[in-house]
Amino acid sequence: EFVNGSMTVFSMKLFLERLSPPSMDPFADDDADDAESKTVHDRIDALEDMIGLLSLSSNDQHPPPIPLSEISHAVMKELSDVLIRCHEDASASAAPSGEDNEAHKKLANRCRYFANTMAFKLETQHDTTNATKRSSTGEKSFWDTFVLDAAQRLQITISTSPQSLKGRTATAYLASLAACAGQQTLCLCLNTCIPPLL
């Protein structure tokens, strides 16, 4: 992947490494509070960098399409996994007050914004990279990888422990996907979320 990869893939890999929560890093020092605070702000910066890299900024009047031809499904899956874990970790660390807690809230909000915008662009972006539909060879679409697979994983959490912290953060993440204004994504999230909560 790195041999044939593009600069987009290389950049995403670097940003994902910075974005990964300490719980995903086997070398992280859980006792270093100051290091954790710096990590939170670095993760926010990494997410903002990735928003810019993938043209997901809300400030763009006519944003260019996501360069999907330069991204592999493996990287898209890693992006989805890290984003979900980062959102869960940031939500768990947020509390009513405190500078660091505000930073965690901001990180969780930006994770939901990223998921929302990415889901919409993957559903509505039609090009030769097969953003939404499977290819003639049966290869998964990027929407399948980022939205469908994530929804199926989160459904398990919601079904088994809907009132737990993980269950609530999973519901919040799915809600952000559903709010992307894409009909296909909305229907999937409703079908995924509603039955376990009834």
Side-chain angles (χ1 to χ4, degrees), residues 12 16 19-21 23-24 47 50-51 54-58 63 65-69 71-94 104-198:
M12 285 184 68
L16 287 172
L19 185 60
S20 298
S23 58
M24 297 180 73
L47 192 56
M50 198 145 51
I51 287 172
L54 298 177
S55 306
L56 303 180
S57 174
S58 59
I66 302 171
L68 294 177
S69 60
I71 303 173
S72 69
H73 282 278
V75 172
M76 186 66 75
K77 183 182 185 307
E78 184 180 356
L79 169 60
S80 176
D81 291 344
V82 169
L83 197 63
I84 290 171
R85 289 290 301 276
C86 184
H87 174 258
E88 180 182 303
D89 182 80
S91 299
S93 300
H104 281 104
K105 287 181 182 178
K106 180 178 180 180
L107 179 58
N109 287 335
R110 294 306 282 170
C111 284
R112 290 192 291 270
Y113 168 83
F114 188 105
N116 175 295
T117 310
M118 188 70 160
F120 177 74
K121 294 199 76 169
L122 288 177
E123 181 171 339
T124 57
Q125 181 172 316
H126 300 288
D127 55 25
T128 58
T129 57
N130 218 31
T132 311
K133 298 180 180 179
R134 288 177 179 264
S135 68
S136 57
T137 60
E139 184 182 17
K140 293 172 66 173
S141 71
F142 286 102
W143 183 88
D144 286 338
T145 302
F146 187 82
V147 179
L148 177 61
D149 291 353
Q152 291 173 343
R153 292 197 307 275
L154 294 171
Q155 182 184 37
I156 297 173
T157 302
I158 295 173
S159 299
T160 55
S161 53
Q163 297 302 322
S164 68
L165 178 60
K166 283 192 174 185
R168 294 196 300 271
T169 57
T171 302
Y173 189 90
L174 277 173
S176 68
L177 291 176
C180 79
Q183 182 176 359
Q184 182 177 347
T185 303
L186 174 61
C187 290
L188 170 70
C189 292
L190 290 177
N191 291 333
T192 298
C193 227
I194 290 179
L197 297 177
L198 290 178

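Note that the structure is a prediction, hence the values are computed from the model and not measured. One is the number of the first residue; the rest follow in order along the sequence. Note: hydrogens, waters and symmetry copies are ignored here, and every other heavy atom, side chains too, is used.
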How many angstroms lie between atom OG of Ser20 and atom CD of Glu78, to the nearest 0.5 angstrom? 7.0 Å
For Ser159, the side chain to side chain donor-acceptor pair (under 3.5 Å) test, sequence neighbours excluded, returns none
Applying side chain to side chain contact (heavy atoms under 4.5 Å, CB included), run through Ile51 and Thr117 and close with a yes or a no. CA-CA 9 Å; Ile51 287 172; Thr117 310; over 6 Å; no
Results of salt bridge (Lys or Arg N to Asp or Glu O under 4.0 Å) for Arg112 - residues two or more places apart only: none
As an exercise, state the distance from CD1 of Ile158 to OG of Ser164, rounded to the nearest 0.5 Å. 9.5 Å
Partners of Thr169 by side-chain contact (heavy atoms from CB on, under 4.5 Å), sequence neighbours excluded? His87, Glu88, Ser91, Leu165
Is there a side-chain contact between Leu107 and Leu47 (heavy atoms, below 4.5 Å)? yes
Sequence-distant partners of Ala119, side-chain contact (heavy atoms from CB on, under 4.5 Å), two or more places apart: Val147, Leu177, Cys180, Thr185
Can you name the residues that form a salt bridge (Lys or Arg N to Asp or Glu O under 4.0 Å) with Lys106, not counting sequence neighbours? none
What is the minimum heavy-atom distance between Lys121 and Ser55, and which atoms define it? NZ-O, 3.0 Å
In terms of relative ring orientation, are Phe146 and Phe114 parallel, tilted or perpendicular, with 30° and 60° separating the classes? tilted
Among all residues two or more places apart in sequence or in another chain, which pass the side chain to side chain donor-acceptor pair (under 3.5 Å) test with Thr160? none
Within-4.5 Å side-chain heavy-atom neighbours: Lys140 and Leu148: no
Taking the side chain from Asn191 and the backbone from Cys187, do they hold a donor-acceptor pair closer than 3.5 Å? yes
For Asn116, what residues pass the side chain to side chain donor-acceptor pair (under 3.5 Å) criterion, not counting sequence neighbours? none
Heavy-atom distance under 4.5 Å between the side chains of Arg110 and Met50, does that happen here? no
Sequence neighbours excluded, the answer for side-chain contact (heavy atoms from CB on, under 4.5 Å) partners of Gln163 is none
Taking Glu123 for the side chain and Gln184 for the main chain, is one N or O donor matched with an acceptor at less than 3.5 Å? yes
Where do Ser80 and Thr145 land on the side chain to side chain contact (heavy atoms under 4.5 Å, CB included) test, with the steps shown first? CA-CA 8 Å; Ser80 176; Thr145 302; 5.9 Å; no
Side chain proximity check, Gln155 to Leu174, heavy atoms < 4.5 angstrom: no
OG-CE distance between Ser141 and Met76, expressed to the nearest 0.5 angstrom: 9.5 Å
Is any side-chain heavy atom of Ile66 closer than 4.5 Å to one of Phe142? no
Leu186 and Ala178 have their tightest heavy-atom pair at CD1-O, 3.7 Å
Please examine the side chains of His73 and Asp144, heavy atoms only from C-beta on, and report whether any two atoms are closer than 4.5 Å. no
Taking all non-hydrogen atoms of both residues into account, name the closest pair between Ala170 and Leu154 and its distance. CB-CD2, 3.7 Å
Which heavy atom of Leu54 sits nearest a heavy atom of Pro67, and at what distance? CD2-CD, 4.4 Å
If we only count heavy atoms from C-beta on, is the Tyr173 to Thr157 side-chain gap below 4.5 Å? no
Taking only residues at least two apart or on different chains, which pairs with a member in residues 180-195 satisfy salt bridge (charged side-chain N to carboxylate O under 4.0 Å, His left out)? none
Do the charged groups of Asp149 and Arg153 touch, with an N to O distance under 4.0 Å? no
Any chance you could lay out the side chain to side chain contact (heavy atoms under 4.5 Å, CB included) test for Leu68 and Leu122, step after step, and finish with the verdict? CA-CA 9 Å; Leu68 294 177; Leu122 288 177; 3.8 Å; yes
